[in-house]
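The structure under discussion appears below in the form of structure tokens.
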Amino acid sequence: MPDRAQPPVDRQLPTDEARDLISLARDIAQREIAPRAAEEEDAGIFPREVFTLLSRSGLLGLPYDSEYGGGDQPYEVYLQVLEELAAARLTVGLGVSVHSLSCHALANYGTKQQQVEHLPAMLGGGLLGAYCLSEPASGSDAASLRTKAVRDGEDWVIDGTKAWITHGGIADFYTVMARTGADGARGISAFLVPGDAAGLSGAAPEKKMGMKGSPTAQVHFDGVRVPDERRIGEEGQGFAIALSALDSGRLGIAACAIGLAQAALDEAVAYASGRQQFGRPISDFQGLRFMFADMATQIEAGRALYLAAARLRDAGRPFAKQAAMAKLHCTDTAMKATIDAVQILGGYGYTADFPVERYMREAKVLQIVEGTNQIQRMVIARHLAGPEAHRTG
């Protein structure tokens, strides 16, 4: 069966440097990521060497200040690089997004001394980060988290368990939200915890339906001692820091979702163009052509939505509502596009001989992480109609 390669996405980029970064990301994706994606995902292998390569190539800290080893790139460029990486392997695209999320607190709320001391290694020194907000009993209701940090002289002692942590157990550093005061959002503070801290351990990775190469695990804190100079922001500011990070992180998830959806569409078109039935390619049949048109339209709409939100962020304007809209639309689009791709390939789509069944399993998690799509609808509605009358937080 002939394999008709699809042309790369035609992107609107602001600078020649941005075009070079996209070309670099595509080259790494094609040479180092895509060829091993299916085999390594099936075996549950995390491609740590790819993240080392991305760090050396300057692609792991793109949206951050070059003074600290970042790339000085606007979010509209960073997100399109993420999309390219996610199209090759979601474990890599999502991993870069989570790493960026884990750097957000220090880069935006840390002191100058903290940034000078830690950010260069985090952004360009080959380290890998994780973001610790969710817990076994507090997911969507993150303000009810129970992990505690108790002051002991010049240190804080952290006890508790975080759950659903991407890179849990393998990260070099963790941005951790812990309770330092009273119940509720105002009693939470943020800490930068080294991955080798005494008393910190990762549980066995969760057994998931997809994203098997990306470790997701509980992280246990058993008397983990952290000096006060690793507290980020003011005491009690942690929840606000967490929400700020999530607004940006949701755009990363949106970009990854569009990359995955684009990969599914490209695979479906290539297959249908080569698959003969009734004496002609099945891509000639109107039913499939309409499916392609609908998939492509929703993907383009999602790309435009996440880029519009990114440009608001780059301009320093509020973008939380648009980030929630982008995360909602793009992840729903990824789910629909991957389901349709499996349908287009028919029986072959249900086998591991083609990547679309993996794409479909991977797409589901994007509707859940960094705020379920039901939470995104709540966020959007609050921007439109104000908070619910019964809310007291």
field: Salt-bridge criterion met for Lys336 and Asp332 (N-O under 4.0 Å)
entry: no
message: Tell me whether the count of non-hydrogen atoms from other residues, nucleotides or ligands lying under 6.0 Å of CZ in Arg289 goes above 12.
response: no
statement: For Ser102 and Ala130 the tightest heavy-atom approach is CB-O, 3.4 Å
Smallest separation among heavy atoms of Leu60 and Leu127, with atom names: CD2-O, 3.9 Å
message: When you group the ILVMFWY residues by side-chain heavy-atom contacts below 4.5 Å and let the links chain together, are Tyr78 and Leu312 in the same group?
response: yes
field: Side-chain heavy atoms of Arg151 within contact of Asp228, under 4.5 Å
entry: yes
- prompt: How about Glu357 and Tyr350: does a side-chain donor come under 3.5 Å of a side-chain acceptor?
  reply: no
task: Starting from the C-alpha separation in whole Å, work towards a yes-or-no answer on side-chain hydrogen bond (donor to acceptor under 3.5 Å, both in side chains) for Tyr306 and Glu83.
output: CA-CA 11 Å; Tyr306 87 62; Glu83 185 188 329; 2.5 Å; yes
Contact summary for Ala245 and Leu101, nearest pair of heavy atoms: O-CD1, 3.1 Å
message: Side chains of Asn373 and Thr331 only: does a donor on one sit below 3.5 Å from an acceptor on the other?
response: yes
Side-chain donor/acceptor of Arg250 to backbone N/O of Ala326, under 3.5 Å: no
field: Thr175 side, atom OG1; Ile241 side, atom CD1 - distance, nearest 0.5 Å
entry: 9.5 Å
- request: Quick one: pull up CD in Gln115 and CD in Gln113 and give me the separation to the nearest 0.5 Å.
  value: 11.0 Å
- request: Decide if the gap between the ring center of His167 and the ring center of Phe46 is smaller than 6.0 angstrom.
  value: yes
task: Run the salt-bridge test on Arg89 and Glu41 with the 4.0 Å N-O cut-off and return the result as yes or no.
output: yes
Donor-acceptor contact present, side-chain Ser97 to main-chain Leu94, <3.5 Å: no
message: Restricting to non-hydrogen atoms, name the atom on Tyr174 and the atom on Gly169 that form the minimum distance, rounded to 0.1 Å.
response: OH-N, 2.9 Å
field: Ion pair check, Lys212 and Glu40, cut-off under 4.0 Å
entry: no
- prompt: Would you call Arg26 and Glu84 a salt bridge, taking side-chain N to carboxylate O under 4.0 Å as the test?
  reply: yes
message: When you measure from the side chain of Tyr131 to the backbone of Ala242, do you find a donor-acceptor pair of N or O atoms at a distance under 3.5 Å?
response: yes
- request: Answer with yes or no whether the side chains of Gln322 and Arg313 bring together a donor and an acceptor at under 3.5 Å.
  value: no
task: Count the heavy atoms belonging to other residues, nucleotides or ligands that lie under 6.0 Å from NZ of Lys148, then report whether that count exceeds 12.
output: no
- prompt: Would you call Arg36 and Glu49 a salt bridge, taking side-chain N to carboxylate O under 4.0 Å as the test?
  reply: yes
- prompt: With a 4.0 Å cut-off, would you call Asp314 and Arg311 a salt bridge?
  reply: no
- prompt: Short question: side chain of Lys162, backbone of Leu133 - any donor-acceptor pair under 3.5 Å?
  reply: yes
- prompt: Does the Thr372 side chain pair with the main chain of Ile368, one donor and one acceptor, at a distance under 3.5 Å?
  reply: no
task: Answer yes or no: does atom CZ of Arg280 have more than 12 heavy-atom neighbours from other residues, nucleotides or ligands under 6.0 Å?
output: yes
Spacing of Arg275 atom CZ and Phe285 atom CZ [to the nearest 0.5 Å]: 11.0 Å
- prompt: Do any N or O atoms from the side chain of Ser273 and from the backbone of Val269 form a donor-acceptor pair under 3.5 angstrom?
  reply: yes
message: Keeping Arg186 on the side-chain end and Ile188 on the backbone end, is there a donor-acceptor pair under 3.5 Å?
response: no
query: Among side-chain atoms of Gln237 and Ser189, is any donor-acceptor pair under 3.5 angstrom?
result: no
- request: Evaluate the ring planes of Tyr109 and His104, with Trp represented by its six-membered ring, and classify them as parallel (under 30°), tilted (30 to 60°) or perpendicular (over 60°).
  value: tilted
field: From Leu246 atom CG to Glu370 atom CD, the distance as rounded to the nearest 0.5 Å
entry: 6.0 Å
task: Could you please spell out the steps behind the side-chain hydrogen bond (donor to acceptor under 3.5 Å, both in side chains) verdict for Arg303 and Gln262?
output: CA-CA 10 Å; Arg303 185 175 291 122; Gln262 185 70 57; 3.0 Å; yes
- prompt: Looking only at atom types and distance, does a side-chain atom of Asp152 sit under 3.5 Å from a main-chain N or O of Val157, one as donor and one as acceptor?
  reply: no
task: Please name the pair of heavy atoms, one in Cys330 and one in Ile258, separated by the smallest distance, quoted to 0.1 Å.
output: SG-CG1, 3.6 Å
- request: Give a yes or no answer on whether the side chain of Glu235 reaches the backbone of Thr180 with a donor-acceptor pair at less than 3.5 Å.
  value: no
field: Pair Asp172 + Arg48: basic N to acidic O under 4.0 Å
entry: yes
query: Under 3.5 Å, is there a donor-acceptor pair between the side chain of Gln218 and the main chain of Thr161?
result: no
- prompt: What distance separates Leu24 CG from Ile28 CD1, expressed to the nearest 0.5 Å?
  reply: 4.0 Å
message: One pair to check against salt bridge (charged side-chain N to carboxylate O under 4.0 Å, His left out): Arg146 and Asp159. What are the steps and the verdict?
response: CA-CA 9 Å; Arg146 306 314 305 166; Asp159 288 283; over 6 Å; no
message: Take a 6.0 Å sphere around CD of Gln343 and say whether it holds more than 12 heavy atoms from other residues, nucleotides or ligands.
response: no
- prompt: Does the side chain of Gln73 come under 3.5 Å of the side chain of Tyr64 through a donor N or O and an acceptor N or O?
  reply: no
message: Tell me the closest heavy-atom pair linking Ala88 and Ile33, and the distance in Å.
response: CB-CG2, 3.8 Å
Sidechain N-carboxylate O distance under 4.0 Å for Glu76, Arg11: no
query: What distance separates Glu267 CD from Leu265 CG, expressed to the nearest 0.5 Å?
result: 10.5 Å
